[in-house]
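Scope of the values below: all heavy atoms of this structure, side chains included, with no hydrogens, waters or symmetry mates. Chain identifiers are assigned alphabetically (A, B, ...) following the order of the sequence lines, protein sequences preceding nucleic acid strands; residue numbering begins at 1 within each chain.
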2 protein chains.
Amino acid sequence: MVVDEGSEDRVFHALSDATRRDILARVFRDGMSVSALARLYPMSFAAVQKHVAVLEQAGLVTKERRGREQIVHGAPDTLRGAIDGLMDVYERIWRQRAGRIERILEEES
Amino acid sequence: MVVDEGSEDRVFHALSDATRRDILARVFRDGMSVSALARLYPMSFAAVQKHVAVLEQAGLVTKERRGREQIVHGAPDTLRGAIDGLMDVYERIWRQRAGRIERILEEES
DNA sequence: CTAACGTACAACCACATGGTTGTAGATGAG
DNA sequence: CTCATCTACAACCATGTGGTTGTACGTTAG
């Protein structure tokens, strides 16, 4: 694995807040400064800053310093990893069903 | 939408715990009773029961009573919904990049 | 019937979370 | 240089979280 284990917890926790998911969707479309993001939500700058920090800790976004601004970008690899993890769980039910069908077809009655 | 809004928070929060993700993976492969699940983890029955309740509230599992046991099954639709939501965010970066390329190709220099 | 099992739920605790305000350091504009 | 802007971070508070133990109830086995 590329990233350390236990980070999955942080990734999904980061995704468990609507404001953070909105921030994520926006910065994935186009990078934005922290203060530009802060203007979008009915909460203090510090609160938005904390949300960005949670996303950054989870590895879902990166920050790029540009002048006195900090531009937030989406990090595709981590998000891709989360999707892959869920897909693995999701696919189990189909593998399991396929196995059952197979066993039925193998029956010699 | 099939499910009420604000439930995305609950879904991702439910996924943000390693024990719950493990439970989910197991019951997606094959239904298990709550007590059978409880035997798998180094914590009290009540704790596992709470984890199952969180997954159930999020709509990620369902319970089916069988005798005195409660069989826990994975709920594919909700998980699929979570995956779809992440895919939407993920795809934005590609749409945005495709748009940039398009604009470059349209330049008349 | 009785005893054991599977489940549910309340009460409690330590700790994390999401929000606030306030202070302080870099950086760019004039 | 000076001032406004952007960012960072600490302190604080109410609430939620993950864990515990204890109690209670329905159901099956003997």
Nucleotide [N], atom [atom2] - distance to [atom1] of [X] in whole Å:
{"X": "A:E69", "N": "D:dT5", "atom1": "CD", "atom2": "P", "answer": "13 Å"}
{"X": "B:Q57", "N": "D:dT17", "atom1": "CD", "atom2": "P", "answer": "11 Å"}
{"X": "B:Q49", "N": "D:dG19", "atom1": "CD", "atom2": "C1'", "answer": "13 Å"}
{"X": "B:H51", "N": "D:dG18", "atom1": "NE2", "atom2": "P", "answer": "6 Å"}

- [ ] Would you check, one step at a time, whether the test salt bridge (charged side-chain N to carboxylate O under 4.0 Å, His left out) holds for A:R26 with A:D22?
- [x] CA-CA 6 Å; A:R26 287 177 184 275; A:D22 194 72; 3.0 Å; yes
Open item on the list: Of all nucleotides in DNA chain C that come within under 4.0 Å of a heavy atom of chain B, which is furthest toward the 5' end and which toward the 3' end?
Closed with: C:dA4 to C:dA11
Task: N-O pairing of A:D30 and B:R92 below 4.0 Å - done: no
Task: N-O pairing of A:D17 and A:R21 below 4.0 Å - done: no
Please tell me if the side chains of [X] and [Y] come closer than 4.5 Å, counting only heavy atoms from C-beta onward.
{"X": "B:I71", "Y": "B:M32", "answer": "no"}
{"X": "A:S16", "Y": "B:D9", "answer": "no"}
{"X": "B:F12", "Y": "B:L86", "answer": "yes"}

Open item on the list: At a heavy-atom distance below 4.0 Å, what parts of residues 30-48 of chain A sit against DNA chain D?
Closed with: A:S33, A:V34, A:S35, A:R39, A:F45, A:A46
Open item on the list: Under the criterion side-chain contact (heavy atoms from CB on, under 4.5 Å), I'd like the reasoning laid out for B:L37 against B:V27: C-alpha separation, chi angles, the key distance, then a yes or no.
Closed with: CA-CA 9 Å; B:L37 285 167; B:V27 302; 4.1 Å; yes
When you compare the protein's N or O atoms with those of nucleotides 28-30 of chain D, which come within less than 3.5 Å of each other, and at what distance?
from   : atom 1 : to    : atom 2 : distance (Å)
D:dT28 : O2     : B:R68 : NH1    : 3.4

Open item on the list: side-chain contact (heavy atoms from CB on, under 4.5 Å), that's the test. Do A:R29 and B:E91 meet it? Break it down for me.
Closed with: CA-CA 9 Å; A:R29 202 184 41 198; B:E91 282 173 4; over 6 Å; no
TODO: Let me see the working for A:L15 and A:L24 under side-chain contact (heavy atoms from CB on, under 4.5 Å), right down to the final yes or no.
DONE: CA-CA 9 Å; A:L15 292 169; A:L24 203 61; 3.6 Å; yes
Task: Closest-nucleotide ordering on DNA chain C, the 5'-leading residue of B:K50 and A:R20 - done: B:K50
TODO: Step through the shown structure and confirm whether more than 12 heavy atoms of other residues, nucleotides or ligands are within 6.0 Å of CD on A:Q57.
DONE: no
Open item on the list: Please determine whether residues A:L79 and A:V54 belong to a single hydrophobic cluster, defined as Ile, Leu, Val, Met, Phe, Trp and Tyr linked transitively by side-chain heavy-atom distances below 4.5 Å.
Closed with: no
